[in-house]
Amino acid sequence: MTIPTAEIAHIVQQTLLQSQPYRGFTFRSPAVTVCGGNAIHQLGTVLKDLGASHVFLVADRLVHQLGLTRGCEQSIALSGLSLTLFSDVEGEPDSQLIRRGQQQLLACGADFVVGIGGGSALDAAKAIAVLGDYDGLISVFKVGGLASRHVGLGAIPTTAGTGSEVTDITVIKEVETGIKVPVKGPALVPDLALLDPALMLDVPASITAATGIDTLTHAVEAYVSRNANLLSRAYAYHAVETLVQALPVAVGYGHDLDRRYEMAVAAYKAGLAFSNAGLGLTHAIAHQVGARYHIAHGVANAVLLPYVMAFNALSCEADYAELAQALGVAREGMTTREKCRASVLAVRQLVLDLGLPTNFADIGIVERDLPQLAEQAMKDICLVGNPRQVELAQIESLLKQVIAGELPAGYC
């Protein structure tokens, strides 16, 4: 029997589509990145080049009150673009805020959404731009709906921490359920990222410290993620290397523009790393802690990261040993285990040096809540990338260690 040529071609095509490239990976990043002191003055020109005509500027309320949006507004006006300001973002964004933003975006007819502020403002801008055609609960959002972005998207961070200006993820608290929901998809990657360290000079030391440790957590978790690739690991490693030098100075003297610049770039690198590789158990727990106790995300990460590193080391000891060099604690003659342990202790020491809490008791978390926190963490999307498989009882045990404030001597 002779098989028709068209049928053979179809079989070959389907076989090729189903095959996976050897060590293949996909890497996403913004189409345009603008970086430098006072780069905000280029915003209007860049937006015009990207085809924008009417900009919907999503801003943190405090950022707007402090005058940090003024440069955006002036640059947009000088370029002849229309502007609608939405400065309702206060604290971490929730589903009600996103719906209000969507309604205003629809009413003004803007074709480009730009977020300016900390992670909350950027997450809000991304969700407003992407979830415009979705009316249901964010907690049951289907990834396929992310194809509905019909507007341009830009992000301008005023803190060096979340990396939201480059990532394919946004985290929104669902008011109806009280749960923080990470939503992930390629449409969430901004078309434009603008890094201007001059916008970060007046960030208070406590916020600089917390957002800086958030950057460190992104880099460390991305480096050891089960979905890491060559590019994500390179970005993560160099983010760690830069951060441990720049962060203490930025906290101690916030007007050091060079260190602010380095922190902005480190946050960008860490954002690229985890957006393309994923995160892990630290973030899976931190999301629940933040939603339940209203603890700043960077503070929750600062408390959890050393404990999670100690727990995960059973599966990624060699990776943490590699990071010892980036953290500046590797010494000649050290064994792999000693380097791994040095990395964990270096992170713990940095948290202490920056004046951040190191246990749950310091931030008001009580033991009776641990089972529910553990259950919710098991459902978090970030757990997918964790290098060690995790069971519910293990998370509960880990959280008890965090309550006690004692790092485990071993990996279990």
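These figures come from a predicted structure and were not determined experimentally.
- For A330 against Q325, the heavy-atom pair with the smallest separation is CB-OE1, 3.5 Å.
- More than 12 heavy atoms of other residues, nucleotides or ligands shown are found within 6.0 angstrom of CZ on R61.
- At distances below 3.5 Å, at least one donor-acceptor pair connects side-chain atoms of S120 with backbone N or O atoms of G91.
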message: Walk me through whether R292 and Q376 qualify under side-chain hydrogen bond (donor to acceptor under 3.5 Å, both in side chains).
response: CA-CA 11 Å; R292 186 178 184 89; Q376 292 172 341; 5.7 Å; no

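- Distance check: T208 OG1 to L201 CG gives 10.0 Å after rounding to the nearest 0.5 Å.
- Here the closest heavy-atom approach between residue Y307 and residue Q401 is recorded as CE2-O, 3.7 Å.
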message: Applying side-chain hydrogen bond (donor to acceptor under 3.5 Å, both in side chains) to D353 and Q349, what does each step give before you reach the verdict?
response: CA-CA 6 Å; D353 290 344; Q349 188 61 54; 2.9 Å; yes

message: Test side chain to side chain contact (heavy atoms under 4.5 Å, CB included) on M263 and L243; report intermediate values, then the result.
response: CA-CA 6 Å; M263 284 302 305; L243 181 139; 3.8 Å; yes

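- In terms of heavy atoms, T158 sits closest to M200 at O-CG, 3.4 Å.
- Taking the six-membered ring for Trp and thresholds of 30 and 60 degrees, Y253 and H255 have ring planes inclined between 30 and 60 degrees apart.
- Counting only heavy atoms from C-beta outward, the side chains of S95 and E176 approach each other to under 4.5 Å.
- At least one side-chain heavy atom of R149 sits less than 4.5 Å from a side-chain heavy atom of D191.
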- request: For L105 and V113, run side chain to side chain contact (heavy atoms under 4.5 Å, CB included): C-alpha distance rounded to whole Å, both residues' side-chain angles, the deciding distance at 0.1 Å, then the answer.
  value: CA-CA 8 Å; L105 174 63; V113 176; 4.0 Å; yes

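- Y223 pairs by the ring-ring contact (aromatic ring centres under 6.0 Å, His included) definition with nothing, not counting sequence neighbours.
- Residues N301 and T282 have side chains that never bring a donor and an acceptor to within less than 3.5 angstrom of each other.
- The closest donor-acceptor contact from the side chain of K126 to the backbone of S164 lies under 3.5 Å.
- The distance from the CZ atom of R28 to the CG atom of L272 is 12.5 Å, given to the nearest 0.5 Å.
- Side chains of L257 and Y261 form no contact here, defined as non-hydrogen atoms less than 4.5 Å apart.
- Remark: side-chain polar atoms of S397 are not paired, donor with acceptor, to backbone N or O of A393 under 3.5 angstrom.
- Looking only at distances, a side-chain donor or acceptor of D111 sits under 3.5 Å from a matching main-chain atom of S53.
- For the residue pair H287 and C382, the shortest heavy atom distance occurs at CE1-SG, 3.6 Å.
- Heavy atoms from other residues, nucleotides or ligands lying under 6.0 Å from CZ of F360 number more than 12.
- Nearest approach of T162 to G119, heavy atoms of both residues: CG2-CA, 3.3 Å.
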query: How far apart are the C-alpha atoms of F56 and V114, what are their side-chain angles, what is the distance that settles it, and do they pass the side chain to side chain contact (heavy atoms under 4.5 Å, CB included) test?
result: CA-CA 6 Å; F56 188 73; V114 175; over 6 Å; no

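- Counting heavy atoms from C-beta on, the side chains of V166 and P30 come closer than 4.5 Å.
- Note that CD1 of I285 is 4.5 Å distant from CG of L399, once rounded to the nearest 0.5 Å.
- By the 4.5 Å heavy-atom criterion applied to side chains, V384 and N227 are counted as neighbours.
- If you take CZ on R348 and CE on M309, they are separated by 12.5 Å, rounding to the nearest 0.5 Å.
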- prompt: Can you list the steps and then say if V34 with L43 is a side chain to side chain contact (heavy atoms under 4.5 Å, CB included)?
  reply: CA-CA 9 Å; V34 179; L43 176 62; over 6 Å; no

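- Side chains of L281 and F311 form a contact here, defined as non-hydrogen atoms less than 4.5 Å apart.
- In this structure, S343 contributes its side chain and A324 its backbone to a donor-acceptor pair below 3.5 Å.
- Using a cutoff of 4.0 Å between basic side-chain nitrogens and carboxylate oxygens, R259 and E262 are scored as salt-bridged.
- Residues E375 and Q288 fail the side-chain proximity criterion, which asks for heavy atoms closer than 4.5 Å.
- In this structure, the separation between CG on N38 and CG on D196 is 5.5 Å, given to the nearest 0.5 Å.
- Using a 4.5 Å heavy-atom threshold, the side chains of S225 and L279 count as separate.
- The CD1 atom of I76 sits 9.5 Å away from atom NE2 of H54, with the distance rounded to the nearest 0.5 Å.
- The backbone N or O of A59 lies less than 3.5 Å from no partner atom in the side chain of S87, so there is not a single donor-acceptor pair.
- Between the K339 side chain and the L323 main chain, no donor and acceptor come within less than 3.5 Å of each other.
- T211 places a side-chain N or O within donor-acceptor distance of the main-chain N or O of I207, the cut-off being under 3.5 Å.
- Using a 3.5 Å distance cut-off with no hydrogens or angles, the side chains of E221 and T217 do not pair a donor with an acceptor.
- Counting only N and O atoms by type, the side chains of S232 and N276 include no donor and acceptor under 3.5 Å apart.
- Shown here for P357 and V303, the closest heavy-atom pair between the two residues is O-CG2, 3.4 Å.
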